[in-house]
Amino acid sequence: MTATYTWDVFSTLDGYGSYSEDGDWGGYWGKQGPELLKHRAALFATEQRMVFGATTFRETAEIMSAGVDPNTLDEWNVRTMRMPAIVVSSTLTDTLGWPDATIVSGDAVEIVTRLKQESDVPLRSQASLSLNRALMAAGLVDRLQLTIFPVISGRTGTSPVLAGAGDFDLELLESRTLDGRTQELVYRPIPR
């Protein structure tokens, strides 16, 4: 059986995954609400294996292990940190305090192909933009879960989510509005 691979990514309406120091947005672009946080916690209530590229893993591990009291983190972030993680990297040698992380060096497409064949739980990757664009191009992303926050960050936006991606048709699998403003769209990408 092949495990389902979900690329889970946050974005502004204009397609940015983050913002520069000039942007004073705060986490979630200041648009998190109770419905979003409850939904995110539910997504991470089931057993999954996380897949990260080196940059996103470094950023996430730094936030999660920076001596922050876990009680101050959103529940879904706490649950993420408890999940086993595979980090695809040729530069990292340390798991940076992540409790159950394994660093794997090599071709990402080969690594994730093997993971999909061997894993008995679904695979989920947060952000890891260049990694997931390559995996999507190889046909390995089963679900693109895009959470769109109601902001435009044309001046301060960084990390364009789909910059450099190939051409894809998208089959809409699910959609929901959270807190009356944030859109979650789940697609099946179909390479063209």
Side-chain angles (χ1 to χ4, degrees), residues 1-11 17 37-65 70 73-147 159 161-162 164-166 168-176 184-191:
M1 185 171 125
T2 301
T4 301
Y5 186 99
T6 300
W7 178 17
D8 179 0
V9 65
F10 289 177
S11 175
L37 296 177
K38 182 179 178 183
H39 174 67
R40 295 295 300 175
L43 288 172
F44 289 83
T46 60
E47 189 178 357
Q48 304 171 68
R49 180 175 310 282
M50 301 302 297
V51 179
F52 291 101
T55 301
T56 297
F57 182 74
R58 275 188 204 99
E59 292 169 355
T60 304
E62 180 180 311
I63 292 167
M64 303 288 200
S65 62
L73 294 173
D74 296 327
E75 182 60 28
W76 75 272
N77 286 316
V78 173
R79 291 177 181 180
T80 300
M81 185 77 167
R82 292 180 185 147
M83 292 190 183
I86 298 292
V87 184
V88 181
S89 174
S90 59
T91 59
L92 278 175
T93 57
D94 184 342
T95 60
L96 307 173
W98 196 280
D100 189 8
T102 303
I103 299 170
V104 181
S105 182
D107 180 75
V109 170
E110 291 175 10
I111 291 167
V112 172
T113 297
R114 187 176 64 249
L115 280 173
K116 286 183 69 159
Q117 293 168 351
E118 296 173 356
S119 183
D120 55 355
V121 297
L123 304 171
R124 177 177 291 271
S125 183
Q126 291 176 227
S128 299
L129 303 180
S130 58
L131 168 71
N132 284 301
R133 288 189 296 251
L135 296 175
M136 203 161 74
L140 294 172
V141 174
D142 301 301
R143 296 167 56 99
L144 169 59
Q145 181 175 330
L146 181 63
T147 304
S159 305
V161 172
L162 295 170
F168 293 85
D169 280 329
L170 298 172
E171 176 187 345
L172 183 63
L173 303 174
E174 300 173 35
S175 65
R176 65 182 43 84
E184 181 187 77
L185 305 168
V186 181
Y187 295 104
R188 182 172 66 90
I190 305 163

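Atom set for the values below is all heavy atoms of this structure, side chains included, hydrogens, waters and symmetry mates excluded. Nothing here was measured: the structure is a model prediction, and the numbers come from that model.
For the atom pair CD (E59) and CG (L96), the distance works out to 11.5 Å, reported to the nearest 0.5 Å. The CZ atom of R188 sits 12.0 Å away from the CG atom of L172 when rounded to the nearest 0.5 Å. To the nearest 0.5 Å, the span separating OG on S128 from CG on L135 amounts to 9.5 Å. Between the CG atom in D142 and the CH2 atom in W7 there is a gap of 13.5 Å [rounded to 0.5 Å]. Interatomic distance, CG of L170 versus CD1 of I190, reported as 7.5 Å (0.5 Å rounding). Atom OG1 of T113 sits about 10.5 Å away from atom CD of E118, to the nearest 0.5 Å.
A heavy-atom distance below 4.5 Å is found between the side chains of R143 and L173. Counting heavy atoms from C-beta outward, M83 and V121 have side chains that stay 4.5 Å or more apart. By the 4.5 Å heavy-atom criterion applied to side chains, E75 and L37 are not counted as neighbours. Side-chain atoms of V141 and F168, non-hydrogen and from C-beta on, never get closer than 4.5 Å to each other. Side-chain contact between Q126 and T60: absent, with no pair of heavy atoms (C-beta onward) separated by less than 4.5 Å. Contact check for P99 versus M81: side-chain heavy atoms found under the 4.5 Å cut-off. Within the 4.5 Å cutoff, side-chain heavy atoms of E184 are placed close to those of L43. Residues T95 and I103 form a side-chain contact, since some pair of their non-hydrogen atoms from C-beta on lies under 4.5 Å apart.
For D74 (side chain) and W76 (main-chain N/O), no donor-acceptor pair under 3.5 Å exists by modelled atom type. Put simply, the side chain of T56 never gets that close to the backbone of F52: no donor and acceptor are under 3.5 Å apart. Proximity of a side-chain donor or acceptor of R79 to a complementary backbone N or O of A41 within less than 3.5 Å is detected. The main-chain N or O of R124 is never found under 3.5 Å from a side-chain atom of T6 such that the two would form a donor-acceptor pair.
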Decide yes or no on side chain to side chain contact (heavy atoms under 4.5 Å, CB included) for R58 and T91, but give the supporting numbers first.
CA-CA 11 Å; R58 275 188 204 99; T91 59; 2.9 Å; yes
Kindly determine whether F57 and L131 satisfy side chain to side chain contact (heavy atoms under 4.5 Å, CB included), including the steps that lead there.
CA-CA 12 Å; F57 182 74; L131 168 71; over 6 Å; no
Pair T80-W98, side chain to side chain contact (heavy atoms under 4.5 Å, CB included): steps then yes or no:
CA-CA 10 Å; T80 300; W98 196 280; 4.0 Å; yes
If you apply the rule side chain to side chain contact (heavy atoms under 4.5 Å, CB included), what do you find for T147 with H39, and how did you get there?
CA-CA 12 Å; T147 304; H39 174 67; over 6 Å; no
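Closest of all the heavy-atom pairs between V109 and A134 is CG2-O, 4.3 Å. The two atoms that bring F44 and Q48 nearest to each other are CA-NE2, 3.8 Å, heavy atoms only. L144 and P189 get closest at one heavy-atom pair: N-CD, 4.2 Å.
When L115, L140, N132 are each tested for a side chain to side chain contact (heavy atoms under 4.5 Å, CB included) with Y5, only one passes: N132.
Counting heavy atoms of neighbouring residues, nucleotides and ligands inside a 6.0 Å radius, atom CD of E47 does not exceed 12 of them.
With sequence neighbours left out, the salt bridge (charged side-chain N to carboxylate O under 4.0 Å, His left out) criterion links D169 to R192.
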